[in-house]
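The block underneath contains the structure these notes are about, expressed in C-alpha coordinates.
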Amino acid sequence: MKIGIFDSGIGGLSTLHQAMITLPEVDYCFYADTDHVPYGERTVEEIRGFVDHAVGFLVDKGCEAICLACNTATSAAITMVRQKYGIPVIGIEPAVKPAIAHCKDKRVLVIATPVTAKEPKLHNLVMKYDYDHKVDIVPMPGLVRLAQDGIFTGDKVLNYIHKAFADLNLSDYSELVLGCTHFNYFKDTFAKIFPDDVEIIDGNLGVAKNLRNTIINTGLITEEELKGRGSVTYYYSDRKIEDKDELEYIKALHQRLELMLKL
Ligand code: DGL
(Lines give C-alpha, C1' and ligand atoms only; values in the text may rest on other atoms or scores of the structure.)
Protein backbone atom coordinates (compact mmCIF):
# COMPACT_ATOMS: atom_id res chain seq x y z
CA MET A 1 0.00 0.00 0.00
CA LYS A 2 0.99 3.63 -0.49
CA ILE A 3 1.19 6.33 2.18
CA GLY A 4 1.65 10.01 1.36
CA ILE A 5 3.92 11.97 3.68
CA PHE A 6 3.61 15.70 3.27
CA ASP A 7 5.51 18.78 4.44
CA SER A 8 6.22 22.27 3.16
CA GLY A 9 9.87 21.23 2.79
CA ILE A 10 12.62 18.96 4.10
CA GLY A 11 11.36 18.92 7.72
CA GLY A 12 8.95 16.11 6.90
CA LEU A 13 11.91 13.90 5.93
CA SER A 14 12.45 13.49 9.70
CA THR A 15 8.96 11.99 9.98
CA LEU A 16 9.49 9.85 6.88
CA HIS A 17 12.84 8.71 8.32
CA GLN A 18 11.14 7.48 11.51
CA ALA A 19 8.22 5.97 9.55
CA MET A 20 10.67 3.95 7.42
CA ILE A 21 12.03 2.47 10.67
CA THR A 22 8.68 1.87 12.40
CA LEU A 23 6.72 0.89 9.30
CA PRO A 24 9.18 -0.29 6.63
CA GLU A 25 6.67 -2.47 4.77
CA VAL A 26 4.81 0.22 2.80
CA ASP A 27 5.49 2.38 -0.25
CA TYR A 28 5.89 6.06 0.63
CA CYS A 29 5.31 9.10 -1.54
CA PHE A 30 7.13 11.99 0.11
CA TYR A 31 5.90 15.42 -1.00
CA ALA A 32 7.83 18.58 -0.04
CA ASP A 33 6.02 21.70 -1.24
CA THR A 34 9.25 23.49 -2.10
CA ASP A 35 7.43 25.96 -4.40
CA HIS A 36 5.68 27.45 -1.36
CA VAL A 37 7.96 26.84 1.64
CA PRO A 38 8.02 28.40 4.25
CA TYR A 39 4.40 27.95 5.33
CA GLY A 40 4.94 29.33 8.83
CA GLU A 41 4.76 32.96 7.76
CA ARG A 42 1.73 32.61 5.43
CA THR A 43 -2.00 33.00 6.04
CA VAL A 44 -4.09 30.05 7.17
CA GLU A 45 -6.16 30.33 3.94
CA GLU A 46 -3.04 30.10 1.77
CA ILE A 47 -1.79 27.08 3.72
CA ARG A 48 -5.16 25.31 3.39
CA GLY A 49 -5.06 25.81 -0.39
CA PHE A 50 -1.52 24.39 -0.70
CA VAL A 51 -2.25 21.42 1.55
CA ASP A 52 -5.48 20.66 -0.31
CA HIS A 53 -3.60 20.64 -3.62
CA ALA A 54 -0.78 18.43 -2.31
CA VAL A 55 -3.10 15.91 -0.66
CA GLY A 56 -5.20 15.75 -3.84
CA PHE A 57 -2.00 15.04 -5.79
CA LEU A 58 -0.98 12.25 -3.39
CA VAL A 59 -4.45 10.68 -3.48
CA ASP A 60 -4.28 10.71 -7.31
CA LYS A 61 -0.94 8.86 -7.04
CA GLY A 62 -2.77 6.12 -5.13
CA CYS A 63 -2.02 7.03 -1.50
CA GLU A 64 -4.60 5.48 0.84
CA ALA A 65 -3.47 7.28 3.99
CA ILE A 66 -1.82 10.65 4.51
CA CYS A 67 0.59 11.92 7.11
CA LEU A 68 0.83 15.69 7.51
CA ALA A 69 4.47 15.77 8.67
CA CYS A 70 4.14 19.48 9.30
CA ASN A 71 2.90 21.06 12.52
CA THR A 72 1.89 24.21 10.62
CA ALA A 73 -0.19 22.32 8.05
CA THR A 74 -1.74 20.17 10.78
CA SER A 75 -2.67 23.25 12.76
CA ALA A 76 -4.19 25.06 9.76
CA ALA A 77 -5.63 22.29 7.59
CA ILE A 78 -6.11 18.85 9.15
CA THR A 79 -9.85 19.25 9.77
CA MET A 80 -10.43 20.30 6.16
CA VAL A 81 -8.30 17.44 4.77
CA ARG A 82 -10.09 14.82 6.90
CA GLN A 83 -13.52 16.06 5.86
CA LYS A 84 -12.70 16.37 2.19
CA TYR A 85 -10.77 13.14 1.50
CA GLY A 86 -12.36 10.63 3.87
CA ILE A 87 -9.15 8.59 4.23
CA PRO A 88 -6.99 8.24 7.36
CA VAL A 89 -5.02 11.46 7.94
CA ILE A 90 -2.42 11.52 10.71
CA GLY A 91 -1.12 14.91 11.79
CA ILE A 92 1.74 16.08 13.98
CA GLU A 93 1.51 18.53 16.85
CA PRO A 94 3.97 19.77 19.46
CA ALA A 95 4.47 17.11 22.17
CA VAL A 96 3.26 19.37 25.00
CA LYS A 97 1.63 16.64 27.10
CA PRO A 98 4.72 14.43 27.65
CA ALA A 99 6.89 17.52 28.14
CA ILE A 100 4.68 18.76 30.99
CA ALA A 101 4.57 15.27 32.49
CA HIS A 102 8.40 15.13 32.56
CA CYS A 103 9.34 18.69 33.59
CA LYS A 104 9.03 18.36 37.42
CA ASP A 105 9.99 21.75 38.93
CA LYS A 106 11.37 23.18 35.68
CA ARG A 107 9.77 24.76 32.61
CA VAL A 108 8.85 23.66 29.07
CA LEU A 109 9.94 25.57 25.97
CA VAL A 110 7.93 25.00 22.79
CA ILE A 111 9.51 26.28 19.58
CA ALA A 112 7.41 26.42 16.41
CA THR A 113 6.59 28.48 13.33
CA PRO A 114 4.68 31.77 13.79
CA VAL A 115 1.46 30.16 12.46
CA THR A 116 1.66 27.16 14.83
CA ALA A 117 2.58 29.53 17.69
CA LYS A 118 -0.50 31.67 17.24
CA GLU A 119 -3.18 29.23 16.00
CA PRO A 120 -5.82 28.03 18.52
CA LYS A 121 -4.76 24.37 18.14
CA LEU A 122 -1.57 24.85 20.16
CA HIS A 123 -3.20 27.21 22.67
CA ASN A 124 -6.00 24.72 23.32
CA LEU A 125 -3.42 21.97 23.81
CA VAL A 126 -1.43 24.08 26.27
CA MET A 127 -4.59 25.11 28.14
CA LYS A 128 -5.57 21.44 28.48
CA TYR A 129 -2.35 20.32 30.22
CA ASP A 130 -0.48 23.38 31.52
CA TYR A 131 -2.24 23.85 34.89
CA ASP A 132 0.85 25.45 36.48
CA HIS A 133 1.69 27.83 33.60
CA LYS A 134 5.04 26.27 32.86
CA VAL A 135 4.97 26.45 29.07
CA ASP A 136 6.64 29.19 27.03
CA ILE A 137 6.28 29.40 23.23
CA VAL A 138 8.88 30.97 20.93
CA PRO A 139 8.40 31.24 17.13
CA MET A 140 11.58 30.53 15.12
CA PRO A 141 10.82 30.97 11.40
CA GLY A 142 14.49 31.66 10.60
CA LEU A 143 15.39 28.03 11.29
CA VAL A 144 13.04 26.85 8.54
CA ARG A 145 14.85 29.08 6.04
CA LEU A 146 18.29 27.94 7.23
CA ALA A 147 17.25 24.28 6.94
CA GLN A 148 15.90 24.81 3.42
CA ASP A 149 19.24 26.45 2.53
CA GLY A 150 21.06 23.37 3.85
CA ILE A 151 22.65 25.30 6.75
CA PHE A 152 22.38 23.15 9.89
CA THR A 153 25.38 24.22 12.00
CA GLY A 154 27.76 27.13 12.40
CA ASP A 155 27.62 30.82 13.26
CA LYS A 156 24.47 31.70 11.32
CA VAL A 157 22.53 29.03 13.20
CA LEU A 158 24.02 29.89 16.59
CA ASN A 159 23.48 33.64 16.17
CA TYR A 160 19.87 33.14 15.15
CA ILE A 161 19.12 30.82 18.07
CA HIS A 162 20.86 33.07 20.63
CA LYS A 163 18.91 36.08 19.36
CA ALA A 164 15.57 34.22 19.51
CA PHE A 165 16.33 33.04 23.08
CA ALA A 166 17.80 36.39 24.25
CA ASP A 167 15.04 36.96 26.83
CA LEU A 168 15.10 33.43 28.24
CA ASN A 169 17.15 31.84 30.97
CA LEU A 170 17.91 28.46 29.39
CA SER A 171 18.64 26.81 32.72
CA ASP A 172 14.93 27.27 33.63
CA TYR A 173 14.02 24.56 31.11
CA SER A 174 14.21 20.79 31.32
CA GLU A 175 12.09 20.18 28.19
CA LEU A 176 12.54 21.57 24.67
CA VAL A 177 9.62 20.68 22.39
CA LEU A 178 10.40 20.77 18.68
CA GLY A 179 7.07 22.06 17.32
CA CYS A 180 8.26 22.14 13.71
CA THR A 181 9.67 19.17 11.83
CA HIS A 182 12.44 21.30 10.29
CA PHE A 183 13.93 21.81 13.76
CA ASN A 184 15.08 18.16 13.97
CA TYR A 185 18.10 19.12 11.86
CA PHE A 186 19.37 21.40 14.66
CA LYS A 187 19.20 18.96 17.57
CA ASP A 188 23.00 18.92 18.02
CA THR A 189 23.13 22.72 18.38
CA PHE A 190 20.21 22.74 20.83
CA ALA A 191 21.89 19.99 22.86
CA LYS A 192 25.04 22.15 23.05
CA ILE A 193 23.40 25.37 24.23
CA PHE A 194 20.91 23.97 26.78
CA PRO A 195 21.94 22.45 30.14
CA ASP A 196 23.07 18.81 29.85
CA ASP A 197 19.90 17.33 31.32
CA VAL A 198 17.49 19.00 28.85
CA GLU A 199 15.17 16.59 27.08
CA ILE A 200 14.58 17.41 23.41
CA ILE A 201 11.18 16.07 22.35
CA ASP A 202 9.80 15.72 18.83
CA GLY A 203 6.59 14.00 17.80
CA ASN A 204 7.95 11.72 15.07
CA LEU A 205 7.97 8.39 16.92
CA GLY A 206 4.40 8.92 18.14
CA VAL A 207 3.27 9.78 14.62
CA ALA A 208 5.00 6.75 13.09
CA LYS A 209 3.43 4.40 15.65
CA ASN A 210 0.05 6.02 15.09
CA LEU A 211 0.46 5.52 11.32
CA ARG A 212 1.35 1.84 11.78
CA ASN A 213 -1.59 1.16 14.15
CA THR A 214 -4.03 3.05 11.94
CA ILE A 215 -3.27 1.19 8.72
CA ILE A 216 -3.26 -2.19 10.46
CA ASN A 217 -6.46 -1.54 12.42
CA THR A 218 -8.34 -0.18 9.40
CA GLY A 219 -7.25 -3.19 7.32
CA LEU A 220 -5.49 -1.01 4.73
CA ILE A 221 -2.41 -3.24 4.68
CA THR A 222 -2.66 -6.93 3.87
CA GLU A 223 -0.92 -9.78 5.74
CA GLU A 224 1.15 -10.36 2.61
CA GLU A 225 2.26 -6.70 2.42
CA LEU A 226 3.25 -6.80 6.09
CA LYS A 227 5.91 -9.38 5.16
CA GLY A 228 7.40 -7.22 2.41
CA ARG A 229 9.63 -4.20 2.16
CA GLY A 230 8.47 -0.87 0.74
CA SER A 231 9.94 1.96 -1.29
CA VAL A 232 10.03 5.77 -1.35
CA THR A 233 9.29 8.15 -4.21
CA TYR A 234 10.19 11.80 -3.61
CA TYR A 235 8.39 14.85 -4.99
CA TYR A 236 9.25 18.56 -4.84
CA SER A 237 5.79 20.08 -5.19
CA ASP A 238 4.28 18.17 -8.17
CA ARG A 239 7.64 17.14 -9.67
CA LYS A 240 9.00 13.65 -9.17
CA ILE A 241 12.67 13.80 -8.18
CA GLU A 242 14.77 11.77 -10.58
CA ASP A 243 17.90 13.89 -10.71
CA LYS A 244 20.84 11.89 -9.32
CA ASP A 245 22.40 14.83 -7.44
CA GLU A 246 19.10 15.76 -5.82
CA LEU A 247 18.53 12.15 -4.71
CA GLU A 248 22.08 12.12 -3.30
CA TYR A 249 21.28 15.32 -1.35
CA ILE A 250 18.17 13.69 0.11
CA LYS A 251 20.29 10.69 1.09
CA ALA A 252 22.68 13.05 2.89
CA LEU A 253 19.71 14.63 4.73
CA HIS A 254 18.59 11.15 5.86
CA GLN A 255 22.15 10.55 7.12
CA ARG A 256 22.05 13.76 9.17
CA LEU A 257 18.62 12.79 10.56
CA GLU A 258 20.01 9.37 11.54
CA LEU A 259 22.77 11.14 13.49
CA MET A 260 20.23 13.46 15.16
CA LEU A 261 18.14 10.42 16.19
CA LYS A 262 21.12 9.03 18.10
CA LEU A 263 21.62 12.17 20.24
N1 DGL B 1 7.97 21.81 8.84
C2 DGL B 1 6.85 22.60 9.10
C3 DGL B 1 6.29 22.42 10.51
O4 DGL B 1 6.44 21.37 11.09
C5 DGL B 1 6.74 24.02 8.65
C6 DGL B 1 7.87 24.82 8.16
C7 DGL B 1 7.42 26.02 7.34
O8 DGL B 1 7.15 25.81 6.16
O9 DGL B 1 7.35 27.14 7.87
O10 DGL B 1 5.64 23.28 11.03
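We count ligands from 1, going down the list as the structure has it; atoms in each ligand are counted the same way.
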Salt-bridge present (Lys244, Glu248; N to O < 4.0 Å): no
Tyr185 and Phe152 aromatic ring geometry - parallel, tilted or perpendicular at 30°/60° bounds: parallel
Sidechain N-carboxylate O distance under 4.0 Å for Arg145, Glu41: yes
Backbone of Thr153 reached by a side-chain donor or acceptor of Thr189 within 3.5 Å: no
Proximity of Val37 to ligand 1 by residue part, where a heavy atom lies under 4.0 Å: side chain
Minimum-distance protein heavy atom relative to atom 7 (C) of ligand 1: Tyr39 N, 3.3 Å
N/O separation below 3.5 Å, Asn71 to ligand 1: yes
Electrostatic pair Asp149:Lys156 at N-O distance under 4.0 angstrom: no
Tyr235 ring center within less than 6.0 Å of Phe30 ring center: no
Per-atom contacts of ligand 1 with Gly40, taking only distances under 4.0 Å to non-hydrogen atoms: 7 (C), 8 (O), 9 (O)
Numbered atoms of ligand 1 (with element) below 4.0 Å of Asp7, judged on heavy atoms: 1 (N), 2 (C)
Proximity to ligand 1 by part of Thr72, non-hydrogen separation under 4.0 Å: both
Closest candidate by heavy atom, reference atom 2 (C) of ligand 1, pool Gly9, Gly203, Cys70: Cys70
Distance-only N or O hit between ligand 1 and Glu41, under 3.5 Å: no
Salt-bridge present (Asp188, Arg256; N to O < 4.0 Å): yes
Per-atom contacts of ligand 1 with Ser8, taking only distances under 4.0 Å to non-hydrogen atoms: 5 (C), 6 (C), 7 (C), 8 (O)
Proximity of Cys180 to ligand 1 by residue part, where a heavy atom lies under 4.0 Å: both
